[in-house]
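Each chain gets a letter, A, B and so on, in the order the sequences are listed, and its residues count up from 1.
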Amino acid sequence: MGETRKIALTVNGKRYAEEVEVRMHLGDFLRQQLGLTGTHLGCEHGVCGACTVLVDGVSARSCLMLAVQADGRELLTVEGIAPNEEELHPLQEAFRDNHGLQCGFCTPGMLTTLIEFLGDNPDPTEREVREAISGNLCRCTGYQGIVAAALDAAQRLKALKQA
Amino acid sequence: MAELFGSRIARLEDPALLRGVARYVDDISLPGMLHAAFVRSPFGHARIGSVDASAALALEGVHAVYAMDDIRPHLVNERLVVGLPSPSYRQNRDRPALADGEVVYVGEPVAVVVADSRYLAEDAAALVDVEYDPLPAVADCRAALEDGAPPVHLDAKHNLLAEFDMGFGDVAAAFARAPHVFRESIWIHRGGSHSIECRGGVAAYEAAEDLITYRVSTQMPHSALRTICEMLGRDENQLRVVAPEIGGGFGPKLVVYPEDVTLCIATMKLGRPVKWIEDRREHFVATTQERDQYWEVEIAVDGEAKILGIRGAMIHDHGAYTARGVNLAYNSGESLGLAYNVPAYALNIRLALTNKMPVTPVRGAGHPQATFTMERLMDRVGRELGIDRAEVRRRNLIPGADMPYEKPLKTRGGMGVLLDSGDYPACQQSVMDRLGWADFAARQDAARAEGRYIGIGLGNYVKGTGRGPFEAVTVRIGPSGRIHVYTGGVAIGQGTRTMLATLVADQLGGDMANITVTAGDTATISLGIGTSNSRLAVQAGSTAHAAAIKVREKALKVAAHMLEASEDDLEIVGSEIRVKGVTDMKVTLSQVANAVAGTPGYALPGGIEPGMEAEEHLVLDVMPYASGTAGAVVEVDAETGAVRILEYALGHDSGRIINPLIVDGQVLGGTAHGIGNALYEWMGYDADANPVTTNLAEYLLVGAAEMPNVQILHHESPSPLNPIGVKGVGECGVVPAPSAIISAIEDALTPFGVRLAGTPVTPAQIVAAIRAAPAGG
Ligand code: FES
Ligand code: FES
């Protein structure tokens with residue numbers, strides 16, 4: 001093992017103190033060291049967006065960030081999106097109802113990206129949604145189901161807020 | 001009972017995928033697992049001298065480095081013999097398990113490094129010193145066939161891999177009497193599949209059982225098992241191949257690769273599980289690609305634009321080895337003009353070896369190329385004769401009244417080509433109506449008056465789907481009452497589990513939540529073909545339907561015996577079988593299954609066969625042909641060459657629809673891939689066969705911002721060829737997209753007289769074409 005360092009961080013509300021190799025990227029750290037394999041690696045060069053996680057609420061490509069850079073941060077990964085074991089998050093429900101996923105490999109990055117986006121823009125247009133996910137590649141869906149899911153989720157989230 | 005068939009049912013697969021708990025191959029971690037990285041050729045062609053692994057092995061945490069000589073003792077067969085049969089081969093070019101004395105494309109695996117971590121394995125791979133003696137390489141398949149071309153393989157006399165002729169009718173006579181003959185030179189460029197999940201495998205040997213379990217991102221576990229067993233000299237019960245969750249396939253995952261064989265050997269030698277996960281840059285040089293073809297074709301038409309004959313020659317880039325066979329070029333030849341009445345046809349096809357990545361199907365498998373070629377010819381005829389392009393097509397499309405329509409052709413397996421159902425002209429008309437074809441000229445003029453160039457284009461396609469001969473499916477009601485479905489087909493994102501559960505639930509109680517589908521595990525079903533050629537709904541779907549009916553009959557018989565009722569009076573609702581109208585006269589599926597599980601010494605109820613299950617292998621040899629029309633409206637920026645798709649409609653007929661949600665998704669995904677082929681995806685090689693696009697910034701996949709909102713117009717002509725009336729859909733969207741888009745671009749640029757003959761068309765090419773055109777800038 002190469003040079004290591006101790007880091008402490010919170011992932012999906014759970015605190016971790018870990019010793020990590022300094023060259024390990026955040027995606028590998030989450031997957032291999034914490035066993036959170038929901039975050040996927042599709043290119044490891046910053047283009048596909050599959051590896052997107054939220055770091056202190058802001059989307060980041062976990063393949064382009066070192067694990068040590070996550071020291072002291074609070075992360076959200078796909079495993080932390082659903083409120084509990086029984087229910088899905090409204091965005092996840094909308095993905096299912098609108099067929100926003102096929103193989104599911106790009107999905108974790110799509111979900112995290114859209115959680116941030118819908119937080120900033122609760123009432124987006126179709127064009128805005130397309131721009132928001134323009135850095136996330138999907139080879140299966142042609143994006144139409146994902147866009148529909150995002151617009152549907154915005155409505156669901158709005159309705160929840162009003163309720 | 002209300003049928004689930006035809007309903008928009010949300011998929012069973014989704015919750016696990018949405019929570020991030022589904023298990024793809026890279027998510028598998030086994031105790032003691034080691035990690036592999038491959039040393040790959042940096043040359044398009046070179047002789048290999050020594051492979052010096054000493055520096056790599058000196059690194060702490062490196063367990064082994066194996067080159068061909070190290071794995072040879074474990075191989076009874078050193079090559080992957082996977083080419084589909086054909087009498088047309090001129091030479092055998094099967095891939096070696098690892099490069100053997102020679103490398104013939106950039107990326108060819110030369111050695112494997114196994115270490116404690118992937119990071120270490122990659123460090124060590126960089127330290128493996130391979131002695132290369134570079135040789136001339138050939139990248140262009142046309143150049144490869146010229147006299148004096150450098151041989152792709154050292155021992156080859158020429159680069160012709162295979163050659164054959166296809167056709168029917170009296171072509172010479174047709175051309176001799178034709179008032180009009182037009183000639184086109186068409187090219188289609190190479191691209192990749194680029195599933196967002198790359199390839200990978202985890203091989204784990206258990207000495208106590210002498211069993212290798214190989215979990216691999218494959219579309220065809222049973223054929224992988226056969227090939228690996230053959231090469232390793234193992235019995236089929238000494239290898240289990242399992243497809244875990246697959247992050248997209250699109251073709252290249254259907255073949256077995258050198259890495260698969262090498263990993264299985266490595267785990268045996270080391271006695272520990274070994275994992276290899278391809279990264280994206282590797283995917284560009286390690287996973288098969290498709291589509292390079294060059295066509296020289298002529299069409300003969302009468303004064304009414306009716307086709308009299310088509311003839312020509314096509315050169316197909318095969319890559320450096322045979323990874324699948326002549327199938328792609330064959331598909332192209334077979335499908336040219338399939339949608340139309342073509343009285344005479346002759347095509348010479350040559351497959352050229354090149355020092356490039358071997359080719360296998362990529363979504364569409366030869367059809368997009370032929371469709372593009374044919375549709376370019378249709379546009380040409382319209383332009384030359386001054387007849388509307390859509391009208392030219394309408395006059396030649398096979399009318400609905402002529403269905404079923406037999407083409408005087410054979411599939412590669414010798415089956416007849418029967419266009420089984422559909423109304424092609426009606427489908428084309430629906431797209432024209434949706435996009436306002438009739439009024440488009442006025443719209444175009446108005447745009448031009450504002451200095452904007454818009455255009456409209458069409459592309460018709462017919463695609464053979466559901467290739468046989470069969471797919472195995474077992475349906476079983478377990479003692480718990482749960483229904484299990486097993487298939488040799490593989491779920492690669494296309495909703496196979498939901499599709500099969502829908503068909504089974506329709507026969508067995510209607511509760512999809514009570515059904516578990518296991519797809520792609522050789523330990524659960526002895527036969528299987530796998531996922532390719534838009535085949536699972538047709539093959540596995542029909543077979544699941546048949547198997548479920550058998551189990552239903554059996555369950556009713558046993559229940560009738562247990563309830564002392566007539567089978568006709570029974571119904572299956574959820575997990576119960578009950579007498580219609582008498583709510584308390586019922587047995588559960590669990591009770592029925594247990595009744596035939598057998599008790600030592602006691603007779604089975606009703607003298608029935610043991611076990612509440614049926615395994616079926618419905619043989620469906622003749623392929624159902626899906627069909628459709630794509631229509632695109634584009635705007636071209638004449639200054640920058642940028643193309644924007646303003647509208648896109650796809651009229652589509654894949655027979656009866658099991659689940660509209662899934663069918664729409666398949667069509668949309670295919671369309672996106674086709675739009676990529678038309679405008680973005682260009683897998684480049686330089687003259688020395690070095691790949692020049694090896695990351696996703698250089699090789700562009702279409703993104704959400706570039707995609708139009710696709711309008712799908714469903715036509716449902718049931719196929720008479722299978723019991724559920726379906727046709728395949730997975731590849732349909734991709735096939736006609738480039739035809740429609742390139743046609744629309746050309747139409748937009750009519751004022752310049754621009755002609756386009758290939759895909760993809762990049763902005764730079766469009767600007768150059770405008771400058772070079774007769775009325776260019
Ligand atoms: S894996 Fe990080 S952007 Fe592709
Ligand atoms: S669902 Fe497969 S890549 Fe997006």
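Salt bridge absent: B:E122 and A:R23 never bring a charged side-chain N and a carboxylate O closer than 4.0 Å. The pair A:R31-B:D27 meets the salt-bridge criterion, since a charged nitrogen lies less than 4.0 angstrom from a carboxylate oxygen.
With a 4.5 angstrom heavy-atom cutoff, B:L12 touches chain A only via backbone atoms. Both the backbone and the side chain of A:V78 have a heavy atom closer than 4.5 Å to some heavy atom of chain B. At a 4.5 Å heavy-atom cutoff, the contact between A:L137 and chain B is made by backbone and side-chain atoms alike. Heavy-atom distances place the backbone of A:T141, and not its side chain, under 4.5 Å from chain B. Of the atoms belonging to B:Y119, heavy atoms from both backbone and side chain fall under 4.5 Å from chain A. Heavy atoms of A:E126 lying under 4.5 Å from chain B belong exclusively to its side chain. Looking at A:E44, only its side chain comes within 4.5 Å of chain B, counting heavy atoms on both sides. Contact of B:D123 with chain A is made through the side chain alone, with heavy-atom distances under 4.5 Å. Interface residue A:R127: only side-chain heavy atoms are found under 4.5 Å from chain B. For a residue to count as touching a neighbouring chain, one of its non-hydrogen atoms must lie under 4.5 Å from one of that chain's; by this rule A:E128 does not touch chain B. Proximity to chain B (any heavy atom under 4.5 Å) is shown, for A:M24, by both the backbone and the side chain. Contacts between B:I492 and chain A at a heavy-atom distance below 4.5 Å involve the backbone alone (N, CA, C, O).
Nearest heavy atoms, A:C48 versus B:L696: CB-CD1, 4.3 Å. Considering all non-hydrogen atoms of both residues, A:C103 and B:G247 come closest at SG-C, 3.4 Å. The minimum heavy-atom distance between B:L18 and A:Q92, with the atom names listed, is O-NE2, 2.8 Å.
In terms of modelled atom types and a separation under 3.5 Å, the side chain of A:Y143 and the main chain of B:A705 share no donor-acceptor contact. Between the side chain of B:R19 and the backbone N or O of A:E85 there is at least one donor-acceptor pair closer than 3.5 Å. Remark: side-chain polar atoms of A:R139 are paired, donor with acceptor, to backbone N or O of B:S193 under 3.5 angstrom. Under a 3.5 Å cut-off, the side chain of A:Q144 and the backbone N or O of B:V710 do form a donor-acceptor pair.
B:R23 has its side chain out of reach of A:T37: every pair of non-hydrogen atoms, C-beta onward, lies at least 4.5 Å apart. Between B:L17 and A:L101, some side-chain heavy-atom pair lies under the 4.5 Å cut-off.
Note on residues 73-97 of chain A: no pairs pass ring-ring contact (aromatic ring centres under 6.0 Å, His included), not counting sequence neighbours.
With 3.5 Å as the limit, one finds a donor-acceptor pair spanning the side chains of B:Q666 and A:Q102. Residues B:R280 and A:H45 have side chains that never bring a donor and an acceptor to within less than 3.5 angstrom of each other.
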